[in-house]
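Naming: A, B, ... by sequence-line order, numbering from 1 per chain. As the structure is a prediction and not an experimental result, all values here were calculated from the model.
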Amino acid sequence: MSFESFPTTAPPGHSSATTVTNLLDGLTEPQQEAVEYFEGPLQILAGPGSGKTRVITRRIARLVDRGVHPSSILAITFTNKAAREMQERVNQLLPESRIWISTFHRFCASVLRRRGRSVGLESNFVIFNKSDQLQVLRHVLNDLDMDAVRVPVAKLGARISHIKNTMVSSEEFTRSLEYEVGEPFDMIVAQVYPKYQETLLASNAVDFDDLLLHVVKLFQENPALRAEYDDRFRFLLVDEYQDTNVIQYQLVRSLGIDRPNVCVTGDPDQSIYAWRGANIENILHFERDFEHAKLVRLEQNFRSTALILQSADQLISHNRMRKAKSLTTDAEDGEAVQLLRFKDGRSEADGIAEVIRKQCTEAGSKWRDFAIFYRVNSMSRELELAFTRHHIPFQVAAGLAFYDRTEIRDLLAYLRLIENPVDTIAFARVVNRPARGIGKTSQNKLTAWATENGVGPMEAARRADRITSLTKTAKIKLKAFVGIMDTFSLANAGSVSDLLKKIVEKTAYSRTWSAASSEQAITKQANVEELVNAAAQYDEANADDPSITGFLETTALASDVDAVDADAGKVTLMTIHAAKGLEFPSVVIVGLEHGLIPHERSIKSNDPKQLEEERRLLFVGMTRAMRNLYMTTAQVRAERGTPRITIPSTFLAETTFDIIDGSKPDGTRKKSGTSSKPNKNQELRNKLKASLAAGNKPLLTTGAALLSGSDEEVGLPDAGSASTFAVGMRVRHPKYGMGTVTHIAGFAKRRTVEVEFTNGSRTETFSVSHCPLQLIGVR
DNA sequence: TGCCCGGTCGTTTTT
DNA sequence: CGACCGGGCA
């Protein structure tokens, strides 16, 4: 946004001769280098706010300028939003050029629509999202008679997805377990995974993973096809390369063999998706994978003020597994990062609201200048309540995504079934919605018959007369359902939106919520209307070739983050992950607490890699801020309903900021900002370092000390400090049983112990002042 | 067949 | 604390 308002000197419709210099105008030397580099692999290591998008878009324009045909350039991004933004900016430089800019998933969908026959997909296949996926798994479990055993479906899905992302097929997975007994859970997975794939294929459907996986397989099995695509896309550009997983990597590789003009951009320090299979190695080993690769580093930051950048840089420099990078800026110092401390989550939310209001009334800020980031979605609630109380307009980039709402999924399922009558999941969803007297029993009989006779659910319903197990009424009702469905077609309705309207009308869909409270009914009605609007938009954009499949693809690959509108005139609330790639004049990062940032899961994993990813996550959050950066802590935070005393984030000991008492109306500033003299915060950091050098493990302690709330000097705890607990002590907990104390941190009321329990190998942190721990003795 | 309640579960991040 | 599943009852 900000610095990108660089004037486009070329008038619209310019001829190419004048653009070369213009395309390099206002670029730094490394930026120019990246734009100018022509053929061969190119890696752009782009720090936050270093003008990456600008470089890529200009590079594309420059390629066209050199005579490369626009249709032989493919740019791939991760999110729709990034793709759209890049498309817009390329269009500014090259109006009407129709460069193909797409996400990995959309690109693969289009390949599969054209060439998916050999992996068993019709061109109108549907894309199953997560809830469809879970539905499939439930069906599979049902068929396998496994519901007796409690199997967590979501976990199954996650496990299968993970296996797929390591490119292990169901056959390979099952075979691998024949030789080696795996986890008990994997034994279940081994049974479910193949059936799951079968169901998808029988439904002419793919899940998100399949979308990529099928294409990679297609290219592997059909070298001529791979070569065709490789050749067609003479230039390939991949954004956010640090987030690619094994499959995406394979895809990029297979498109860059004959024509290795692959340009990747990314920043290892912003890799925050390793948990879902992203492989930092991909970017770290680019030079090895693509011979004679050129490397360009963009290290000058045009986004943040110097003090913000400095704090972020301090933090990230604590990562050990890292390509060192020097972030620089010409910007003024600006205001120091501020740490606002509150007593609990509610006053934190109120305090943030007050800060924002104050900035808007006194400093001329606008609501839209502010973004609040949190680690977990559940933390948005308290903030939403506070903003409502304070009458501050806000938008949340999360919650139930629009296309995940029941009424929307129901109507989409109708569309799916019309287009693809073998979609068992859509059938199950729709056949009795609104209720038309076709219950579970009848459905089970029908699907059993369908499987037996090798037909899809709609075909089975059509032949309901032949299914002897069905009751007479069930047969009649199924026939009626088929009758209604037969009246629906795109050809008859004329457009997707009209078809949707017809469905709503003919099925009397609003009966579904007749029982719901009126307020709910109104929301649902509005959602349905919004869906029709979305369809109308699709109709308009695809007037030349409208299809149900096309519309469904749009909805399947849309995400809630796409809906955030930077210009909405509202404060934006989102997770730190969702904030990647964005920037805001003022940013608040909420809950800098142990267990939140870094997240408990990463801490408990005991894996330094995971902790480093948490650090990168905070780094990403901090570097979104242009002018003001606030971070907050609450001394007490309700967790699963019960309030618990918090421990400050260890990361606070690794960066610089001013501490502000957020609960005081004006905020009592402990140390003021712009001086570079070490403040108390830094003295404490020095102590921490000395202590670390002495072989202690006091990160928690120092974090706590930092925020201990008193101005008096606080020392680090030693063996003799006042506490009855000591590392190595045996304790008993009424619920978790026997355990051993592994860490002690904090002082007085804020003193905490971490206990590793013997059975179940779980680890819990307790506040000494109120915990039910019983001392047993020393190990 | 459908509704309601009760219990269980988990609880990070997403195309 | 909340969502969601499954079971049991009307």
Need one value for H105(A): base, sugar-phosphate or nothing, where a base atom within 4.0 Å counts as base even if backbone is also close, heavy atoms only.
base
Which residues pass the side chain to side chain contact (heavy atoms under 4.5 Å, CB included) test with S605(A), sequence neighbours left out?
D607(A), Q610(A)
Between D132(A) and R409(A), is there a side-chain N and carboxylate O pair less than 4.0 Å apart?
yes
Contacts of S442(A) that satisfy side chain to side chain contact (heavy atoms under 4.5 Å, CB included) - sequence neighbours left out
I438(A), L470(A), A474(A)
Y273(A) six-ring centre to R276(A) NZ/CZ under 6.0 Å and within 45° of normal:
yes
Rounded to whole Å, how long is the line connecting atom NZ of K155(A) with atom C1' of dC9(B)?
10 Å
The criterion is ring pair (Phe, Tyr, Trp, His ring centres under 6.0 Å); which residues satisfy it with Y193(A), sequence neighbours excluded?
none
Contact check, residues 273-282 of chain A vs DNA chain B, heavy-atom distance under 4.0 Å, returns Y273(A), W275(A), R276(A)
Describe the nucleic acid contact of F78(A) in one word from base, sugar-phosphate, nothing, applying a heavy-atom distance below 4.0 Å.
sugar-phosphate
With respect to the phosphate group of dT15(B), does any side-chain polar atom (N or O) of N80(A) fall under 4.0 Å of OP1 or OP2?
no
Across all chains, not counting sequence neighbours, the side-chain hydrogen bond (donor to acceptor under 3.5 Å, both in side chains) partners of Q250(A) are none
Checking T633(A) against E593(A): is there a side-chain donor and acceptor pair closer than 3.5 Å?
no
Could you go step by step and tell me if Q197(A) and K164(A) meet the side-chain hydrogen bond (donor to acceptor under 3.5 Å, both in side chains) rule?
CA-CA 11 Å; Q197(A) 280 313 111; K164(A) 280 187 174 184; 2.8 Å; yes
Expected rows: protein N/O vs nucleotides 1-4 of chain B N/O, under 3.5 Å:
{"from": "dT1(B)", "atom 1": "OP1", "to": "G439(A)", "atom 2": "N", "distance (Å)": "3.2"}
{"from": "dT1(B)", "atom 1": "OP1", "to": "S442(A)", "atom 2": "OG", "distance (Å)": "3.2"}
{"from": "dT1(B)", "atom 1": "OP2", "to": "T441(A)", "atom 2": "OG1", "distance (Å)": "2.8"}
{"from": "dG2(B)", "atom 1": "OP1", "to": "N432(A)", "atom 2": "ND2", "distance (Å)": "3.3"}

